[in-house]
Amino acid sequence: MDFKSVEKKWNEYWEKEGINSYDKEHPEKKYYVLEMFSYPSGSNLHLGHWYNYAPSDSFARFKKMQGYNVFQPMGFDAFGLPAENYAIKTGIHPEDSTKKNIATMEKQLKSIGAMFDWSSLLYTCSPEYYKWTQWLFIQLYKHGLAYQKQSPVNWCPSCNTVIANEQVVDGKCERCGAEIVRKNMTQWFLKITDYAEELINCLDKLDWPEKTLTMQRNWIGKSEGGEVVFPMGDDKITVFTTRADTLMGVSYVVLAPEHSLVDKITTPECRKAVEEYKTAASKASDIDRLSTVKEKTGVFTGAYCTHPISGEKIPVWIADYCLATYGTGAVMGVPAHDTRDYEFAKKFGLKINRVIKSKDGSPDELPYTEYGVIVNSGAFDGMTTAEGKKTILAFLNKKGLGGVKINYRLRDWSVSRQRYWGAPIPIIHCDHCGAVPVPEEDLPVRLPYDVNFTPDGQSPLRKCESFINTICPVCGRPAHRDPDTLDTFVCSSWYYLRYPDSKNPDKPFDPKKINKMLPVDKYIGGAEHACMHLLYSRFITKALRDMGYLDFDEPFTSLVHQGLILGSDGEKMSKSKGNAVNPDYLVEKYGSDVLRLYLMFGFSYTEGGPWNDDGIKSISKFLDRVERAVDVAITRKGQKVDEKEKRELEYALNYCIKKVTEDMETFSFNTAVARIMELVNTMYKCDNAGDLYFETCEKLIRILAPLVPHFAEEMHERMGFKPSIFREKYPVCDESKLVKDEVEVAVQINSKMRSKIVIPTSLSEEEAKEFLLKNEKIAEMLGGAAIKKFIFIKGRLINIII
RNA sequence: GCCCAAGUGGCGGAAUGGCAGACGCAAAGGACUUAAAAUCCUUCGAAGGAAACUUCGUGCCGGUUCGAGUCCGGCCUUGGGCACCA
């Protein structure tokens with residue numbers, strides 16, 4: 001078969017007949033299939049994109065043939081750092097390179113032959129889109145979900161610019177090798193923490209991979225504990241702890257080096273050491289700081305606070321294992337019952353006070369971090385850990401020195417980027433009125449084209465006078481725009497809401513439309529987004545719901561992660577390693593149907609694996625084999641059917657339909673293809689199935705249609721049916737054809753495989769026992785021994801314990 | 001370091017706690033052919049055995065169970081994420 005002309009023929013036909021587009025008249029049967037959109041960084045689609053999109057498209061087509069009205073849109077996540085870096089290196093403007101890349105990728109996407117609804121195409125970098133990203137930011141601001149605060153960034157003193165985590169290699173700037181320091185800057189944050197509780201609770205109702213749910217739960221990191229206040233003259237230090245029961249064992253308190261009290265409380269004699277320590281800490285990443293193998297470091301501030309119960313003087317230290325971003329940025333040190341505190345106290349000679357003993361006298365060497373019974377704690381002695389936590393926090397609460405507190409590891413979402421290639425933050429800073437949102441009628445705040453974005457210490461937009469200078473929309477006095485752009489995760493946190501109404505000039509979306517079309521029924525993308533993109537999207541959906549713009553709680557009902565296709569060397573594909581595989585060449589050589597079927601058959605979809613094209617030829621051969629079966633079927637049409645072959649073929653067909661339907665539903669494409677191959681193998685053994693052969697072949701082609709759409713459409717037509725096969729129904733299994741009178745079961749004696757035996761399917765356990773004991777071979781193996789236990793697994797196995 | 005996964009023949013990979021290796025690749029043998037390609041058929045985890053068959057075998061160590069690739073505990077290795085790559 002000449003696949004090139006076949007692919008062209010049917011792509012044109014589908015386009016002309018509107019086979020791929022969503023039918024707006026029937027939203028009641030909608031099925032929204034969405035693949036994570038691509039970032040146009042490289043100049044073309046790689047095999048990984050194909051692996052995401054082609055099998056997902058087969059799933060979408062499967063759903064369409066099951067009678068759903070499928071909506072499958074496509075777009076580009078087009079803002080971001082790589083385009084900007086590329087521009088700094090080559091001088092090619094991000095807008096130009098991005099547009100060019102998108103054009104190439106669009107063409108390639110069309111070569112997949114996927115049923116994307118191109119009429120709803122969107123790019124996040126177009127003003128028609130980012131106008132509404134800005135609108136979203138303003139709504140969040142107006143509802144108290146966006147605020148500014150000081151926060152550290154990676155600062156390269158030599159390039160004189162903020163650099164991304166990715167560009168920091170071993171604490172040094174990737175570009176110039178200078179040592180990176182962390183520097184505080186005022187930045188915008190979104191209050192995702194307001195939704196922490198709901199973001200955890202709603203996970204239970206999502207059809208998502210278990211591992212992703214676990215990762216999100218851990219990322220949000222709910223921990224129930226309490227706050228304890230350590231007074232300090234006019235000031236106080238508040239710590240968060242999950243072990244209030246160990247409060248009487250506190251021997252020191254630690255502040256994060258960035259804690260706001262540090263400068264104030266440090267005594268003159270300690271100042272030099274504290275300053276040096278702060279500088280050193282600003283160079284370490286959080287990952288290094290939290291390492292449990294690294295030796296603990298810290299310095300004494302010279303200051304003391306007061307124990308809230310005993311009134312004892314407690315020394316205040318700073319140490320980098322305490323992070324400013326978690327809890328209150330301060331922890332109490334209980335060396336006897338915390339591993340990190342124990343190491344710290346040992347190193348710096350701080351007191352170690354045991355206040356917990358094991359309940360049952362089992363070994364409880366220090367540091368003893370298990371739960372137990374309280375000792376050496378005055379009135380609290382004898383209480384269990386659980387009682388102690390409650391009692392101590394209640395006691396503190398009465399004194400106004402603490403109480404129960406739930407803490408989350410989740411931090412607010414930092415969205416300011418000191419970059420050019422992003423959506424400008426729609427805020428005007430006025431000396432008189434403060435931060436003022438740009439009026440909605442003035443949106444979008446356009447990203448100017450002619451900007452010098454070479455790094456030199458400032459956000460690129462700050463240097464663009466025509467952009468930065470404006471007037472305050474409230475008081476009319478001169479003011480300046482926010483010079484930063486939004487994190488691209490903001491753009492991608494709501495795109496699934498725009499697709500169903502992507503050309504709407506007046507609103508980001510029509511609530512009526514999206515309330516019908518969403519949530520997304522099946523969302524497909526890489527597991528690398530498990531925590532960030534997926535969590536941000538959930539947050540934005542909930543925030544918009546609470547503002548009244550939509551009426552569902554979760555954006556993605558069901559989620560699937562495709563695995564990663566690696567280079568043939570087992571490494572992640574990348575240009576620099578030279579192991580990237582170009583799908584265009586494969587499409588050219590084998591055709592898009594063969595490539596997509598190979599991707600589905602050769603890998604476990606959720607696992608992925610190293611690329612290897614050894615088997616791709618066999619897929620071509622398999623389709624040739626199917627084609628020959630079709631030609632044979634045509635010659636046998638109307639012929640008589642042999643009874644024995646009839647039963648065999650009917651069983652094979654219905655078994656195939658049943659299994660493939662289940663496998664398609666769960667994205668188990670490799671086993672689906674295997675079951676289809678089995679059916680074809682059976683068909684090749686049938687020489688006298690006549691008309692039934694033709695009928696089987698007709699169904700086979702329909703089962704294949706979602707997997708190899710062009711090929712199937714061609715075969716369907718060749719068999720004399722009217723196109724399009726995608727208007728036909730997916731075959732349904734006839735269970736009655738799967739009933740068998742006899743079944744082969746395994747026979748084990750003392751759990752060892754001994755034999756196999758064919759027994760009537762309908763036998764009960766008792767009947768099976770009787771049947772088995774009558775069998776000479778089995779009786780011989782048992783040798784007359786008494787049966788202790790008889791285990792019967794219907795249709796599978798019998799185990800006799802003697 | 002922390003969180004989350006994965007590890008099965010020469011290879012890609014199958015296996016609701018119940019016959020390990022479906023399906024395919026590679027390899028070997030055969031049929032057809034003047035020949036090759038294509039196609040069709042057969043064999044194909046390891047060791048032993050003429051064979052029937054037996055023993056071993058799912059990263060490593062231990063446990064639960066009549067029965068473990070699958071569940072539990074502890075390791076090892078690889079991959080993803082760790083909040084400014086997207």
Side-chain angles (χ1 to χ4, degrees), chain A residues 36-39 41 77 79-82 85 151 153-154 162-168 187 192 209-219 221 285-294 325 409-419 487-489 491-492 525-533 535-536 561 563-564 566 570-572 598 601-604 606-610 612 614-619 621-622 624-625 628 668 670-678 681 684 744-756 788-793 795-801:
Chain A
M36 289 180 184
F37 59 178
S38 336
Y39 179 73
S41 74
D77 187 14
F79 275 137
L81 183 66
N85 285 342
S151 172
V153 292
N154 299 314
V162 175
I163 66 166
N165 286 345
E166 192 190 43
Q167 300 171 288
V168 182
Q187 309 194 61
I192 189 170
E210 203 49 53
K211 65 164 184 172
T212 311
L213 297 174
T214 307
M215 277 194 272
Q216 286 218 354
R217 270 187 208 108
N218 292 341
W219 184 266
S285 71
D286 285 3
I287 292 175
D288 295 334
R289 285 172 60 164
L290 286 174
S291 168
T292 48
V293 290
K294 193 193 73 161
T325 48
R409 205 185 70 99
L410 182 68
R411 309 206 290 256
D412 277 337
W413 174 12
S414 149
V415 295
S416 293
R417 298 290 180 271
Q418 295 70 42
R419 302 270 160 64
D487 176 11
T488 53
F489 275 124
C491 308
S492 60
E528 66 273 22
H529 293 293
C531 290
M532 304 180 70
H533 162 65
L535 199 60
Y536 294 148
H561 295 307
L564 203 60
L566 306 169
E571 302 278 334
K572 211 169 170 173
Y598 179 62
F601 181 62
F603 304 85
S604 164
T606 53
E607 295 296 322
N612 176 339
D614 282 352
I616 194 164
K617 276 193 220 85
S618 74
I619 296 292
K621 285 187 194 170
F622 171 66
D624 290 344
R625 201 165 144 85
R628 282 194 298 277
S668 182
N670 55 349
T671 52
V673 177
R675 298 294 86 82
I676 297 173
M677 287 173 168
E678 282 167 359
N681 290 345
Y684 265 72
E744 189 189 55
V745 298
V747 178
Q748 295 185 339
I749 294 174
N750 284 345
S751 306
K752 286 224 166 202
M753 275 298 301
R754 287 296 164 195
S755 181
K756 287 173 190 182
K788 273 205 235 160
K789 199 170 172 183
F790 187 84
I791 295 158
F792 177 74
I793 309 293
R796 285 185 170 270
L797 167 143
I798 288 164
N799 188 4
I800 305 168
I801 310 299

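Letters A, B, ... are given to chains in the order of the sequence lines, protein chains preceding strands, and every chain is numbered from 1.
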In Å, rounded to the nearest 0.5 Å, how long is the span from [atom1] of [X] to [atom2] of [Y]?
X        : Y        : atom1 : atom2 : answer
A:Leu797 : A:Lys756 : CG    : NZ    : 11.5 Å
A:Arg411 : A:Ser151 : CZ    : OG    : 8.0 Å
A:Ser751 : A:Asn799 : OG    : CG    : 4.0 Å
A:Lys211 : A:Met215 : NZ    : CE    : 5.0 Å
A:Thr212 : A:Arg217 : OG1   : CZ    : 10.5 Å
A:Ile676 : A:Asn681 : CD1   : CG    : 12.0 Å

Establish, with yes or no, whether the OP1 or OP2 oxygen of [N] is under 4.0 angstrom from a side-chain nitrogen or oxygen of [X].
X        : N     : answer
A:Arg628 : B:C40 : yes
A:Arg409 : B:C82 : no
A:Lys752 : B:C56 : yes
A:Thr488 : B:A86 : yes
A:Arg411 : B:A83 : no

Gap between atoms [atom1] and [atom2], on [X] and [N] respectively (whole Å):
X        : N     : atom1 : atom2 : answer
A:Glu678 : B:A22 : CD    : P     : 10 Å
A:Tyr536 : B:A83 : OH    : C1'   : 5 Å
A:Asp487 : B:A83 : CG    : C1'   : 10 Å
A:Ile798 : B:C19 : CD1   : P     : 13 Å
A:Lys617 : B:C25 : NZ    : C1'   : 10 Å

Mind checking the [atom1] distance from [N] to [M]? Whole angstroms is fine.
N     : M     : atom1 : result
B:G10 : B:C19 : P     : 22 Å
B:A15 : B:G24 : P     : 16 Å
B:C44 : B:G29 : P     : 16 Å

Nearest listed nucleotide, side chain of [X], among [options]:
X        : options             : answer
A:Met215 : B:C40, B:C4, B:A83  : B:C4
A:Arg419 : B:C84, B:G80, B:C40 : B:C84
A:Asn165 : B:C82, B:C84, B:A86 : B:C84
A:Arg796 : B:U54, B:C82, B:G18 : B:G18
A:Glu166 : B:G81, B:C85, B:A22 : B:C85

Quick check: does any side chain N or O of A:Asp412 sit under 3.5 Å from a backbone N or O of A:Ile192, one acting as donor and the other as acceptor? yes
Is there a donor-acceptor contact under 3.5 Å from the side chain of A:Asp77 to the main chain of A:Phe37? no
Tell me if the side-chain of [X] makes a donor-acceptor pair with the base of [N], cut-off 3.5 Å, by modelled atom types.
X        : N     : answer
A:Asn799 : B:C66 : yes
A:Gln167 : B:C84 : no
A:Lys756 : B:C19 : yes

So what's the dot-bracket for RNA chain B: Watson-Crick or G-U pairs under 3.5 Å, [ ] if a pair crosses, | if it pairs off-strand? (((((((..(((.....[....))).(((((.......))))).((((....))))..(((((..]....))))))))))))....
Would B:G9 be called syn or anti here, given the cut-off of 90° from 0? syn
Closest-nucleotide ordering on RNA chain B, the 5'-leading residue of A:Met753 and A:Thr212: A:Thr212
Identify, between A:Gly615 and A:Arg417, the residue whose nearest nucleotide on RNA chain B lies closer to the 5' end. A:Gly615
Summary of protein contacts for nucleotides 5-14 of chain B, nucleotide by nucleotide, where a base hit scores B, a sugar-phosphate-only hit scores S (4.0 Å, heavy atoms): SS-----BSS
Side-chain touch A:Gln187/A:Val153, heavy atoms, less than 4.5 angstrom: yes
